[in-house]
2 protein chains.
Amino acid sequence: MNYTYQYPHPAVTTDIVIFSVRDNALQVLLIKRGGEPFKLVGLAWRICSHRRELDECAKRELHEEAGLEDVYLEQLYSFGKIGRDPRERVISVAYFTLTPSEHLKPSAGTDASDVKWFAISELPELAFDHAEIIRVARERLAAKMEYSTIGLQFMNEEFTLSQLQIVYEQATGKTLDKRNFRKWILSLDLIAETGKKFAAGAHRPAMLYRIKDPDRVDIIR
Amino acid sequence: MNYTYQYPHPAVTTDIVIFSVRDNALQVLLIKRGGEPFKLVGLAWRICSHRRELDECAKRELHEEAGLEDVYLEQLYSFGKIGRDPRERVISVAYFTLTPSEHLKPSAGTDASDVKWFAISELPELAFDHAEIIRVARERLAAKMEYSTIGLQFMNEEFTLSQLQIVYEQATGKTLDKRNFRKWILSLDLIAETGKKFAAGAHRPAMLYRIKDPDRVDIIR
DNA sequence: CCAAAAGTGTTCGTACTACACCCATGC
DNA sequence: GCATGGGTGTAGTACGAACACTTTTGG
């Protein structure tokens with residue numbers, strides 16, 4: 001079946017930058033798909049059906065490609081440069097998301113071997129203009145880390161303050177003083193001790209914390 | 001001539017929120033056009049041709065509808081709610097701009113009587129989802145006033161500190177202390193005295209200032 | 001001389017910065 | 001007992017907030 005218009009219409013896609021902090025580094029989830037004009041890894045993306053909302057398209061892509069649900073998802077920016085897809089004019093409404101990498105489930109629709117994390121500092125050559133999209137997403141993330149509580153969205157159910165500090169350091173690109181970071185994050189009253197401890201080697205075990213209101217992202221400062 | 005695709009494609013438009021501070025109030029430029037599905041005023045918008053970049057579409061719309069050139073223009077967000085245009089699926093890539101209202105020229109393409117400024121606090125009923133777009137733009141503007149030098153983009157060639165303070169107060173929605181505001185804005189080293197004075201009634205004339213680097217918008221704080 | 005807006009400093013509190021040592025554990 | 005990361009307090013500084021009176025002009 002064909003669809004006809006009186007003037008040219010672009011395709012609209014939702015592309016998603018999936019961030020996680022893994023192995024003490026900010027990483028991005030990239031996918032290698034067959035049937036694309038580039039033989040390269042790239043972001044998760046899909047054409048947005050005319051019967052779905054943009055946010056819904058992004059959510060479905062996130063679910064089907066990465067097995068992620070109920071994660072923080074924010075529209076980033078729209079990229080529409082002529083020629084970004086050599087096949088036709090494509091307007092890409094980009095989103096970004098933050099997740100603890102443990103939440104990633106093997107997905108139904110995708111061969112797991114084609115989905116891989118890459119450190120932001122060691123990205124391979126990327127399909128389309130996805131390098132540019134990731135660059136913009138990284139800037140937005142770094143900025144929002146400073147003035148919102150978005151950083152907590154990287155965390156698992158339970159985490160130590162050192163793990164949280166690493167997340168802040170990796171996502172902002174700044175190193176932080178341990179004492180000052182702890183004072184600051186505790187003063188925000190966003191996390192609480194669980195009472196449990198986490199022993200991870202030949203040293204004093206760390207207190208475990210949880211997020212008081214995990215779904216909430218607020219503007220602070 | 002017709003254009004045919006194997007699956008439905010949406011139309012993509014660029015919609016522009018044009019802000020100015022006039023009569024001591026934040027205002028938005030709205031347009032009433034014939035041939036639209038709503039008999040209401042709305043934002044300046046146009047279908048983005050498949051051979052033009054998104055930014056370029058926005059610039060042309062700004063130029064042809066409002067006679068504005070060389071103004072600060074920033075992509076805001078993309079709105080694509082199903083049904084936002086009752087005729088077909090439309091993805092609107094929204095932009096916003098800031099201008100001194102004196103820069104507005106009578107435009108060639110539009111009947112001047114159909115272009116009008118409205119105070120943000122006294123908006124009429126609006127076409128499409130333009131009320132929502134303006135709401136988002138207003139939030140973004142207020143936020144950026146706090147951490148960037150975007151506010152100077154509202155100013156004319158020469159202006160007084162009182163005028164500038166009114167711009168900041170109207171765009172952020174906060175009232176400011178005169179002495180603190182002056183200390184702050186001067187400490188940024190963004191503006192300089194022109195040496196001239198501006199006499200406007202039965203009171204002491206105000207010093208006129210100019211922007212040192214008018215095209216520049218920086219992140220501060 | 002009166003009304004109106006322009007211009008100008010100081011004090012206080014708070015929030016960020018810098019900085020070094022003891023603690024609990026596994027091996 | 002030693003290596004490893006976990007945990008803690010204080011002092012200095014810089015920035016934002018509060019606050020009131022004098023100056024210059026037009027009428």
Side-chain angles (χ1 to χ4, degrees), chain A residues 21 23-25 142-143 145-149 151 155-156 158-170 172-210 218-221, chain B residues 21 23-25 142-143 145-149 151 155-156 158-170 172-210 218-221:
Chain A
V21 177
D23 304 332
N24 293 356
M145 290 294 290
E146 307 267 0
Y147 68 83
S148 81
T149 64
M155 306 316 289
N156 234 309
E158 300 190 328
F159 53 88
T160 70
L161 292 184
S162 294
Q163 288 166 354
L164 186 57
Q165 183 176 342
I166 288 167
V167 161
Y168 270 84
E169 289 182 331
Q170 293 302 316
T172 60
K174 295 179 183 168
T175 59
L176 301 170
D177 176 82
K178 184 161 59 159
R179 282 171 292 189
N180 291 338
F181 175 74
R182 284 166 187 239
K183 250 180 300 175
W184 172 71
I185 196 75
L186 292 173
S187 77
L188 295 178
D189 195 33
L190 297 167
I191 60 176
E193 290 183 16
T194 61
K196 296 182 227 168
K197 296 201 172 186
F198 176 68
H203 55 84
R204 180 171 173 176
M207 303 264 237
L208 283 168
Y209 288 79
R210 63 178 176 79
D218 288 317
I219 304 298
I220 51 178
R221 292 193 236 221
Chain B
V21 177
D23 305 331
N24 294 355
M145 291 293 291
E146 307 267 0
Y147 68 84
S148 82
T149 64
M155 306 316 289
N156 235 309
E158 299 191 327
F159 52 88
T160 69
L161 292 185
S162 294
Q163 288 165 355
L164 186 58
Q165 183 176 343
I166 287 167
V167 161
Y168 269 85
E169 289 181 332
Q170 292 303 316
T172 59
K174 295 178 184 170
T175 59
L176 301 170
D177 176 83
K178 184 161 57 159
R179 282 171 293 190
N180 291 338
F181 174 74
R182 284 165 186 238
K183 249 179 302 175
W184 173 72
I185 196 76
L186 291 174
S187 76
L188 295 178
D189 195 32
L190 298 167
I191 60 175
E193 290 184 17
T194 61
K196 296 183 228 170
K197 296 202 170 184
F198 176 68
H203 55 83
R204 179 170 174 175
M207 304 264 237
L208 283 167
Y209 287 79
R210 64 178 175 79
D218 288 318
I219 304 297
I220 51 178
R221 292 192 231 220

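Please read all numbers here as calculations on a predicted model, not as lab measurements. In what follows, chains are A, B, ... by sequence order, proteins preceding strands, each numbered from 1.
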Once each nucleotide of nucleotides 22-27 of chain D is scored for protein heavy atoms under 4.0 Å, what B/S/- sequence comes out, 5' to 3'? -BBBB-
Could you go through B:Ser162 and B:Arg182, starting from their C-alpha distance and side-chain angles, then the distance that decides it, and tell me whether this counts as side-chain hydrogen bond (donor to acceptor under 3.5 Å, both in side chains)? CA-CA 9 Å; B:Ser162 294; B:Arg182 284 165 186 238; 3.3 Å; yes
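- Nearest nucleotide to the A:Lys178 side chain, out of C:dA18, C:dG7, D:dG7: D:dG7.
- Residue A:Ser162 places none of its side-chain N or O atoms closer than 4.0 Å to OP1 or OP2 of D:dG5.
- In this structure, the CG atom of A:Asp177 is 18 Å from the P atom of C:dA15, given to the nearest Å.
- For the pair A:Tyr209 OH and D:dG7 P, the interatomic distance rounds to 7 Å; values are reported in whole Å.
- A distance of 12.0 Å separates CZ of B:Arg210 from CG of B:Leu190, quoted to the nearest 0.5 Å.
- Residues B:Glu146 and A:Arg221 are not paired through a salt bridge, judged by the lack of any N-O separation under 4.0 Å between the basic side chain and the carboxylate.
- Distance A:Ile185 CD1 to D:dG7 P: 14 Å, rounded to the nearest Å.
- Checking D:dG6, C:dG9, C:dA18 against the side-chain heavy atoms of A:Arg182 singles out D:dG6 as nearest.
- Without hydrogens or angle criteria, B:Gln163 side chain to B:Thr160 main chain gives a donor-acceptor distance under 3.5 Å.
- Ionic pairing of A:Glu158 and A:Lys196 is present here: one or more N-O contacts between side-chain nitrogen and carboxylate oxygen are shorter than 4.0 angstrom.
- Regarding contacts with the backbone of D:dC19, every side-chain N or O of B:Arg179 stays at 4.0 angstrom or more from both OP1 and OP2.
- Using bins of under 30°, 30° to 60° and over 60° for the plane-to-plane angle, the ring pair B:Phe181/B:Tyr168 lands in the tilted bin.
- Nearer the 5' end of DNA chain C, as judged by each residue's closest nucleotide, is the contact made by B:Thr160, out of B:Thr160 and B:Asn180.
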